[in-house]
Amino acid sequence: MGFFSKDIKTMDDLFVHTLRDIYYAEKQILQTLPEMVEKSNDPQLKQAFRSHLAETKQQVGRLDQVFRLHGQEPSGVDCPAIDGIIDEAEDVAGEIDDVSVLDAALIAAAQAVEHYEMTRYGSLIAWAKQLGRPDCAELLQKNLDEEKAADKKLTALAESKINQRAA
Ligand SMILES: [Fe+2]
Ligand SMILES: [Fe+2]
């Protein structure tokens with residue numbers, strides 16, 4: 001997107017731009033999740049990250065489908081927001097020695113990611129419906145449902161044991 005030209009003119013342009021934003025974000029997350037699996041200590045947390053990694057691969061596949069249904073080649077656009085969330089998580093994790101405190105920090109970072117994804121999918125679903133693309137909305141809804149479930153699972157893990165262990 002140029003600084004001097006306004007490339008997003010219609011709701012359709014905005015939909016495609018935001019689709020590219022979440023596509024880039026999902027791919028960054030795909031690269032980061034193996035590190036979270038590696039760094040986490042609690043076996044259930046490790047497993048939660050591992051299964052969300054598998055889900056994230058499928059989510060990228062659904063986004064590919066949404067692009068194609070909408071007559072666009074799948075492509076990403078830089079998303080400084082997700083880069084910032086991931087950078088901050090890496091900085092904080094680098095400052096922590098205690099494994100239980102690290103688990104709590106990894107959950108918090110992952111939940112920041114999930115909530116970012118949820119806002120993007122929420123907007124995309126609403127716009128897809130408005131643009132007369134229920135087919136795209138349905139695929140995006142599957143991704144949103146998985147993000148919500150991942151977020152819930154992380155909350156349950158944090159509240160059931162990890163936060164107490166770290167305290
Ligand atoms: Fe995702
Ligand atoms: Fe996610």
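All values derive from a computational prediction rather than experimental measurement. Heavy atoms only: backbone and side chains are in, while hydrogens, waters and symmetry mates are out. Remember, it's 1-based here, ligands and their atoms both numbered in the order they're listed.
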Is there side-chain contact between E147 and E55, with at least one heavy-atom pair below 4.5 Å? no
If you consider just the N/O/S atoms, which atom of E114 is the closest one to the Fe ion (ligand 2)? OE1
Is a salt bridge present between K39 and D103, judged by a nitrogen-to-oxygen distance below 4.0 Å? no
Name of the E117 N, O or S atom nearest the Fe ion (ligand 1)? OE2
If I consider every N, O or S atom in E147, which one ends up closest to the Fe ion (ligand 1)? I only need its name. OE2
Enclosure of Q72 CD (heavy-atom neighbours >12, cutoff 6.0 Å): yes
Under 2.8 Å from the Fe ion (ligand 1), can any N, O or S atom of Q59 be found? yes
Salt bridge or not for E146 and R62, using N-O below 4.0 Å? yes
